[in-house]
Amino acid sequence: MKQILLLLLLTSLLFSSNLSKLYTYYEKQEYKKGCDYGAKYYTKNIKNEKYLTLYALACVETDKINRIAKPMLQLTKSKESRENASYFSTILLQKQLLKQALLDNKSLGDLKLPKTNFVLSKIFNLFVNKEYTLHEGVYTLEDREKPNRYYKVYIENVKKNQNYMIIDIYQDDKFTKRYRYN
């Protein structure tokens with residue numbers, strides 16, 4: 001799906017300097033810069049679905065996943081845009097349900113949601129299928145597709161009533177990346 005998105009975006013780079021700059025950040029994997037840039041010029045590009053899609057994709061790759069809600073609601077005009085809106089909606093729902101399960105010991109039962117290629121979706125599905133070990137509030141989930149990769153998922157309490165869901169990614173027993181969601 002990402003390949004189709006990027007192909008569509010390439011064809012329209014000449015139409016928007018904001019889109020071109022945002023695409024450059026995304027292409028260089030500077031997702032935080034892209035997400036911040038996308039937010040800065042959001043209202044100027046609110047009718048440009050290619051811009052909104054790329055902005056949301058950049059935010060998906062950062063800890064600023066809540067920012068994808070606004071562009072998601074604007075993606076309505078084309079079939080591809082509606083598919084992208086569903087993709088973003090799925091990620092937000094999985095994040096919220098997983099955080100609720102961790103904070104409130106809420107069982108996710110046999111819940112079935114669409115699968116995406118995003119790490120949060122993979123963790124959500126492993127959690128729903130109870131493919132984890134729990135030790136002192138930390139869930140460890142093994143990646144079936146990448147045998148030397150595993151995830152640690154837990155809640156970090158920063159202040160009273162301020163909880164963050166943390167996802168740590170390990171490769172060959174070495175910490176590689178952290179996602180921190182409020």
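Computed from heavy atoms alone, side chains included, the values below leave out hydrogens, waters and symmetry copies. All of these numbers come straight from a predicted model, not from anything done at the bench.
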Side chain to side chain contact (heavy atoms under 4.5 Å, CB included) between K122 and E145, intermediate numbers included: CA-CA 10 Å; K122 180 179 286 200; E145 295 167 12; 3.3 Å; yes
Membership question, hydrophobic clusters at under 4.5 Å side-chain separation (ILVMFWY): are [Y] and [X] in the same one?
| X | Y | result |
| --- | --- | --- |
| I123 | Y179 | yes |
| Y42 | L75 | yes |
| Y151 | I166 | no |
| M72 | L97 | yes |
| Y164 | V119 | no |

Chi angles and distances behind the side chain to side chain contact (heavy atoms under 4.5 Å, CB included) call for L102, V153: CA-CA 9 Å; L102 295 172; V153 181; 3.5 Å; yes
Set of ring pair (Phe, Tyr, Trp, His ring centres under 6.0 Å) partners for Y154, sequence neighbours left out: none
Residues which pass ring pair (Phe, Tyr, Trp, His ring centres under 6.0 Å) with Y37, listed by chain and number, not counting sequence neighbours: Y25, Y41
Filter on disulfide (SG to SG under 2.5 Å), then keep only pairs touching [range], sequence neighbours left out; what's left?
| range | value |
| --- | --- |
| residues 22-72 | C35-C59 |
| residues 75-158 | none |
| residues 79-182 | none |

Pairing residues for [X] by the side chain to side chain contact (heavy atoms under 4.5 Å, CB included) criterion, not counting sequence neighbours:
| X | result |
| --- | --- |
| D172 | N148 |
| T43 | none |
| K146 | D143, R149 |
| R82 | K79 |

As an exercise, state the distance from [atom1] of [X] to [atom2] of [Y], rounded to the nearest 0.5 Å.
| X | Y | atom1 | atom2 | answer |
| --- | --- | --- | --- | --- |
| I91 | I65 | CD1 | CD1 | 5.5 Å |
| L98 | Q100 | CG | CD | 10.5 Å |
| K177 | E61 | NZ | CD | 6.0 Å |
| I68 | K70 | CD1 | NZ | 13.5 Å |
| T62 | E30 | OG1 | CD | 13.5 Å |

Mind listing the closest non-hydrogen atom pair of [X] and [Y] along with its distance?
| X | Y | value |
| --- | --- | --- |
| G38 | Y55 | CA-CD1, 3.5 Å |
| M165 | I155 | CA-CD1, 4.0 Å |
| L52 | Q74 | CD1-CB, 3.4 Å |
| P71 | A56 | CG-CB, 4.0 Å |

Qualifying salt bridge (Lys or Arg N to Asp or Glu O under 4.0 Å) pairs, either residue in residues 34-43, two or more places apart: K32-D36, D36-K64, D36-R67
Is the shortest heavy-atom distance from the side chain of [X] to the side chain of [Y] under 4.5 Å?
| X | Y | value |
| --- | --- | --- |
| L92 | N66 | yes |
| Y139 | K152 | no |
| F124 | L108 | yes |
| V60 | L120 | no |
| Q162 | N157 | no |
| F88 | L57 | yes |
| L141 | Y150 | no |

Parallel, tilted or perpendicular, as decided by the 30° and 60° cut-offs, for the rings of Y26 and Y31: perpendicular
I'd like to know if the side chain of [X] and the backbone of [Y] have a donor-acceptor N/O pair within less than 3.5 Å.
| X | Y | answer |
| --- | --- | --- |
| K95 | T90 | no |
| T24 | S20 | yes |
| N48 | Y51 | yes |
| E49 | T76 | yes |
| K28 | Y23 | no |

Y87: which of T53, T116, N117 passes side chain to side chain donor-acceptor pair (under 3.5 Å): N117
Determine all donor-acceptor pairs shorter than 3.5 Å in which one atom belongs to a side chain in residues 126-138; sequence neighbours excluded.
{"residue": "N129", "atom": "ND2", "partner": "N125", "partner atom": "O", "Å": "3.1"}
{"residue": "E131", "atom": "OE1", "partner": "R144", "partner atom": "NE", "Å": "3.1"}

Set of residues satisfying salt bridge (Lys or Arg N to Asp or Glu O under 4.0 Å) with respect to R178, sequence neighbours excluded: D168
